[in-house]
Novice: 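There's a structure below that I have some questions on.
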2 protein chains.
Amino acid sequence: MSVEEELSTREKIILAGAQIIVEEGLRKFTAKNIANKIGVTDAAIYKHFPSLDSIIIEIINRYISKCSQSVDRAVAMNLSTEETLKQVMREHISVLEETKGAVPILCFEFSRSGNKKFFDILHSFVDSYKSKLSKILEKGQQEGVIRKDVNPSETAMLFVGLIQAKVFAYVMERRTGPIIANPEELISELFYGIIAR
Amino acid sequence: MSVEEELSTREKIILAGAQIIVEEGLRKFTAKNIANKIGVTDAAIYKHFPSLDSIIIEIINRYISKCSQSVDRAVAMNLSTEETLKQVMREHISVLEETKGAVPILCFEFSRSGNKKFFDILHSFVDSYKSKLSKILEKGQQEGVIRKDVNPSETAMLFVGLIQAKVFAYVMERRTGPIIANPEELISELFYGIIAR
DNA sequence: CTTTACAGTTAGCAATTATTAACTTAAAAT
DNA sequence: ATTTTAAGTTAATAATTGCTAACTGTAAAG
């Protein structure tokens, strides 16, 4: 509760591990690198986790669940369909800032890692996310708010994907501070396009 | 020229290496994995490249240069500003399909790899891409075709971002076939938004 | 006061990695 | 016909990896 101290080592492992995956990639996710980052030896890691994989499982579950809730929170606000969708984006962006872009990166890394356990967790997250968002989009289409010619399921994925792309831009330009400087601009572009009316 | 045979081993190394990075991630990019894929031993790799890093450099340069040219090709067609921008997206999508999504994934991997040489190549690519596209967008704003309240540089990155988002969905859902099933739908979403008019 | 459990250490193992060296072989160049 | 070269092999290297075992100190529980 003071400036920074007194996170348990277990907690530090998870945070350091996630940071390594996000900032340096899976290849640098090693017991030694994690241990160095928190000031212990690599063997100490195994006092808190049975394996490196189990750390990954914990990281995925923890970050993914933050993201899962974002759609539910937006829906719970009982807004118009258009505002609900905008709110989904806002919630998303706020999770993104909070987790420093971890979720899309974790998804992307582990969807290709060949580890079935990781993939299954991620896949079921993406599936449920997509179906929730698709339903909102379909409702919007019935109400005439959303263009009838957009594919709800594809567009749902576009919501997550766009955010991942923002992380890429952020990293590539070595920016600091918030990943998405102007959330409303991004939302507006996605919703109304870039063409003047 | 026949069905498939007679690529040089050097060429096979580059193709297999890129495929591994794209489909399985940097962690699996090892001499042994590449060698297995093309039916030689790991030591044979070093007859063609001095190091694994040099393979990566070649992969990045090769795929990135294909992508760099896409804006130039679109500009060379001398279309209206709006059509030029749409054509940029089309060119982009066609490079994407041709390279099986490699560029965005390579960018994703190497933007975080911590290797300065890799990062620099990518950075200068993104920089030049962004400035070319920004200029077109600014021209569009002066002509009143593009919304004045969008940031040209951010929007340039949105062009890449949308495509990355599609690759993200493609990978996450382990799809096969074209990455972007309906290019004109995506282009239309970017230009006119998802909201009905 | 002693015991126990926890959280760390050092040391080490077996596997894997990037890379090199020494050898083979077949084809091209002389 | 011989030499050279290219492109492969096997075998070895040093470093790094995930993980375990055996040890140490400290603080709470009895």
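Every chain is numbered from 1, with letters handed out A, B, ... down the list of sequences. What you see below is based on every heavy atom in this structure, not just the backbone, and it leaves out hydrogens, waters and symmetry mates.
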Novice: How long is the line joining CD1 of A:Ile56 and C1' of D:dT17, in whole Å?
Specialist: 14 Å

Novice: Identify, with sequence neighbours excluded, every residue that meets salt bridge (Lys or Arg N to Asp or Glu O under 4.0 Å) alongside A:Asp72.
Specialist: A:Lys132

Novice: Applying side chain to side chain contact (heavy atoms under 4.5 Å, CB included), name anything that partners A:Ser131, two or more places apart in sequence or on another chain.
Specialist: A:Lys135

Novice: A quick test of your reading: do over 12 heavy atoms of other residues, nucleotides or ligands sit less than 6.0 Å from NZ of A:Lys100?
Specialist: no

Novice: State plainly whether the residues A:Glu154 and B:Arg175 are in salt-bridge range, i.e. N to O under 4.0 Å.
Specialist: yes

Novice: Specify the residues of residues 111-122 of chain B, ordered by number, for which at least one heavy atom lies under 4.0 angstrom from an atom of DNA chain C.
Specialist: none

Novice: Tell me, please, which residues at least two apart from B:Phe125 pass ring-ring contact (aromatic ring centres under 6.0 Å, His included).
Specialist: none

Novice: Can you tell me how the ring of B:Tyr129 sits relative to the ring of B:His92, calling it parallel under 30°, perpendicular over 60° and tilted otherwise?
Specialist: tilted

Novice: How does protein reach along nucleotides 3-18 of chain C, written 5' to 3' as B (base within reach of a heavy atom under 4.0 Å), S (only sugar-phosphate), or - (no contact)?
Specialist: -----BBB------SS

Novice: Rounding to an integer number of Å, can you tell me how far A:Leu26 CG sits from D:dT16 C1'?
Specialist: 17 Å

Novice: Roughly, in whole Å, what's the span from NZ in B:Lys12 to P in D:dA7?
Specialist: 12 Å

Novice: How long is the gap from CD on A:Glu98 to OH on A:Tyr63, to the nearest 0.5 Å?
Specialist: 9.5 Å

Novice: List in chain and number order the residues that pass ring-ring contact (aromatic ring centres under 6.0 Å, His included) with A:His48, two or more places apart in sequence or in another chain; answer none if no residue qualifies.
Specialist: none

